[in-house]
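No experiment lies behind these values; they were computed from the predicted model shown.
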Amino acid sequence: MSAPANSPETALDALCAAPFHEQDAAGRARVLSQLANTELFVALDAEPAGDQIALRIFEAGGARLAIAADLEERLSAFLGGAVPFAAMPGRTLAAMLAGGRAAGGARGDAGRADGGAGDRRAEAGCASGTGGDEAGGRGGDEAGGNGNGCAGSGGERSGAAVGPGCGAPSVMVNPGAPSQMLLDAEALSWLDAALQAAPALDEAAPARLSAPAPEMVARLAEPLAARLADMAGLASGAALVAAEWADGAKAHLIVLAGADEPARPALAKALAEYLAFLPPLPQPCDIAFDLDLPQGALELRIDPPPAPERTPTAPGMDPNRPPILR
């Protein structure tokens with residue numbers, strides 16, 4: 001099993017100039033934020049049966065592994081040939097495995113990764129991984145099981161549901177690629193919990209805003225700058241401030257500026273998730289929009305996305321600028 005030698009760089013690869021497990025907290029947070037929203041192709045035991053899928057589970061060194069990749073060709077190359085897959089966002093896969101399910105109901109893209117475009121024959125939206133029966137789970141002697149739905153000793157365990165006494169599955173993402181990462185059951189549970197983070201939006205101006213505490217600046221300046229770079233075109237700037245309400249409650253606010261009203265819930269959710277990926281902060285931090293900033297606020301500009309480069313064309317070749325005939 002190997003990874004494709006010349007697969008194109010993906011968004012996850014771009015964030016992994018240093019290996020994921022060697023990055024600092026801010027770097028890992030940014031990778032996990034991207035992973036949550038990346039479509040992953042997850043190897044299946046067999047073609048989906050109706051809306052049911054069963055993940056292909058491998059035994060390696062006592063661990064139970066699902067295999068996922070952000071490109072179909074990476075999945076097929078690593079597994080040595082065509083393989084059935086389900087396509088789902090990383091957050092959905094984390095929820096599925098954190099819930100102890102290697103099989104279950106799915107509403108989503110399915111097909112066969114074959115190193116090319118793949119045969120996607122069951123496209124119907126986004127795989128949910130929630131609800132449904134534990135389809136594909138096997139107990140007894142079936143497929144090398146040991147009577148409780150677990151895999152037998154060693155080798156590959158295909159389509160196993162998690163039964164009593166089983167270790168919850170881990171997932172290997174992009175094996176052999178720059179963004180390779182192994183998330184064990186504990187990491188998946190933590191990731192799933194972090195993705196449930198709900199933003200605390202401050203709808204009304206607080207009683208008093210002031211400069212942020214030095215320890216909050218030290219912890220958030222660099223991570224915020226990195227995350228806000230991904231929001232280019234969605235907001236014009238952001239600031240970190242301290243806030244104190246009339247009832248004496250205190251917190252910090254990340255104040256976004258220039259965001260359109262319809263985009264605000266998604267932006268607030270993205271920031272709340274990102275904060276949840278970071279180590280615990282010294283003080284609470286909420287989200288607000290378009291407040292008047294106090295002196296001393298930590299202001300961060302969000303540069304607009306670069307304009308696309310115009311490629312020069314020969315005279316008469318641009319359909320929008322036909323030649324002038326005399």
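- Asp192 and Ser189 share no donor-acceptor pair across their side chains, judged by distance under 3.5 Å alone.
- The local environment of CG in Asp292 is sparse, with at most 12 non-hydrogen atoms from other residues, nucleotides or ligands closer than 6.0 Å.
- Of the possible polar contacts, one joining the His21 side chain to the Leu182 backbone as a donor-acceptor pair under 3.5 Å is found.
- Residues Leu209 and Leu291 form a side-chain contact, since some pair of their non-hydrogen atoms from C-beta on lies under 4.5 Å apart.
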After noting the C-alpha distance and the side-chain angles of Leu12 and Phe20, does the key distance pass the side chain to side chain contact (heavy atoms under 4.5 Å, CB included) rule?
-> CA-CA 10 Å; Leu12 284 173; Phe20 169 74; over 6 Å; no
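- Within the 4.5 Å cutoff, the side chain of Glu299 has heavy atoms near those of the Leu293 side chain.
- Within the 3.5 Å criterion, the main-chain N or O of Pro89 finds no donor-acceptor partner in the side chain of Asn37.
- Taking every heavy atom of both residues into account, Leu97 and Ser170 meet most closely at CD1-O, 4.4 Å.
- Under a hydrophobic-cluster definition in which Ile, Leu, Val, Met, Phe, Trp and Tyr are linked whenever side-chain heavy atoms come within less than 4.5 Å, directly or via other members, Leu71 and Leu35 are assigned to different clusters.
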Give the C-alpha distance, both sets of side-chain angles, the deciding distance and a yes or no for salt bridge (charged side-chain N to carboxylate O under 4.0 Å, His left out) between Arg74 and Asp13.
-> CA-CA 13 Å; Arg74 284 181 171 175; Asp13 294 337; 2.4 Å; yes
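- Judged by distance alone, the side chain of His252 and the main-chain N or O of Val217 form no donor-acceptor pair under 3.5 Å.
- Residues Leu195 and Ala36 approach most closely at CD2-CB, 3.6 Å, considering heavy atoms.
- Ser179 places none of its side-chain heavy atoms less than 4.5 Å from the side chain of Val173.
- Between the side chain of Asn174 and the main chain of Ala177, no donor-acceptor pair closer than 3.5 Å is present.
- In Glu186, the CD atom is not crowded: 12 or fewer heavy atoms of neighbouring residues, nucleotides or ligands sit closer than 6.0 Å.
- Summarising the geometry, atom SG belonging to Cys16 is positioned 11.5 Å from atom CZ belonging to Arg28; distances are rounded to the nearest 0.5 Å.
- Counting heavy atoms from C-beta outward, Arg30 and Asp230 have side chains that approach closer than 4.5 Å.
- Nearest heavy atom pair, residue Ala251 against residue Asp286, reads CB-OD2, 4.3 Å.
- Salt bridge absent: Arg219 and Glu215 never bring a charged side-chain N and a carboxylate O closer than 4.0 Å.
- Partner of Leu93 under the side-chain contact (heavy atoms from CB on, under 4.5 Å) criterion, out of Thr38, Leu188, Leu55: Leu55 alone.
- Rounded to the nearest 0.5 Å, atoms CG (Leu275) and SG (Cys285) are 5.5 Å apart.
- Residues Val241 and Arg208 have side chains not in contact (no heavy-atom distance under 4.5 Å, counting atoms from C-beta outward).
- In this structure, the side chain of Asp184 engages the main chain of Ala187 through a donor-acceptor pair within 3.5 Å.
- Within the 4.5 Å cutoff, the side chain of Ile67 has no heavy atoms near those of the Arg56 side chain.
- From Ile287, atom CD1 reaches atom CG of Leu271 across 4.5 Å, with rounding to the nearest 0.5 Å.
- With a 4.5 Å cut-off on side-chain heavy atoms, Met88 and Val42 count as touching.
- Between Asp290 and Gly258 the shortest heavy-atom distance is OD1-N, 3.1 Å.
- Contact annotation: the side chain of Ser236 never approaches that of Ile302 to less than 4.5 Å [non-hydrogen atoms, C-beta and beyond].
- The backbone N or O of Glu273 sits nowhere less than 3.5 Å from a side-chain atom of Gln196 that would complete a donor-acceptor pair.
- Distance CD/Glu39 to CG/Asp70: 10.0 Å, rounded to 0.5 Å.
- Not one N or O on the side chain of Lys269 forms a donor-acceptor pair closer than 3.5 Å with the backbone of Arg264.
- Without hydrogens or angle criteria, Glu22 side chain to Ala18 main chain gives no donor-acceptor distance under 3.5 Å.
- With values rounded to the nearest 0.5 angstrom, Leu32 atom CG is found 6.5 Å from Leu183 atom CG.
- Nearest approach of Pro212 to Gly296, heavy atoms of both residues: CD-O, 3.3 Å.
- Ser76 and Val83 get closest at one heavy-atom pair: CA-CG1, 4.3 Å.
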Show your reasoning for whether side chain to side chain contact (heavy atoms under 4.5 Å, CB included) applies to Tyr274 and Leu228.
-> CA-CA 10 Å; Tyr274 186 70; Leu228 291 171; over 6 Å; no
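- Atom CD in Gln283 sits 10.5 Å away from atom CG in Leu220 (nearest 0.5 Å).
- The aromatic rings of Phe41 and Phe85 sit perpendicular to each other, their planes meeting at more than 60°, with 30° as the lower class boundary.
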Can you check side chain to side chain contact (heavy atoms under 4.5 Å, CB included) on Ile254 and Leu224, steps first, answer last?
-> CA-CA 9 Å; Ile254 297 172; Leu224 268 183; 3.7 Å; yes
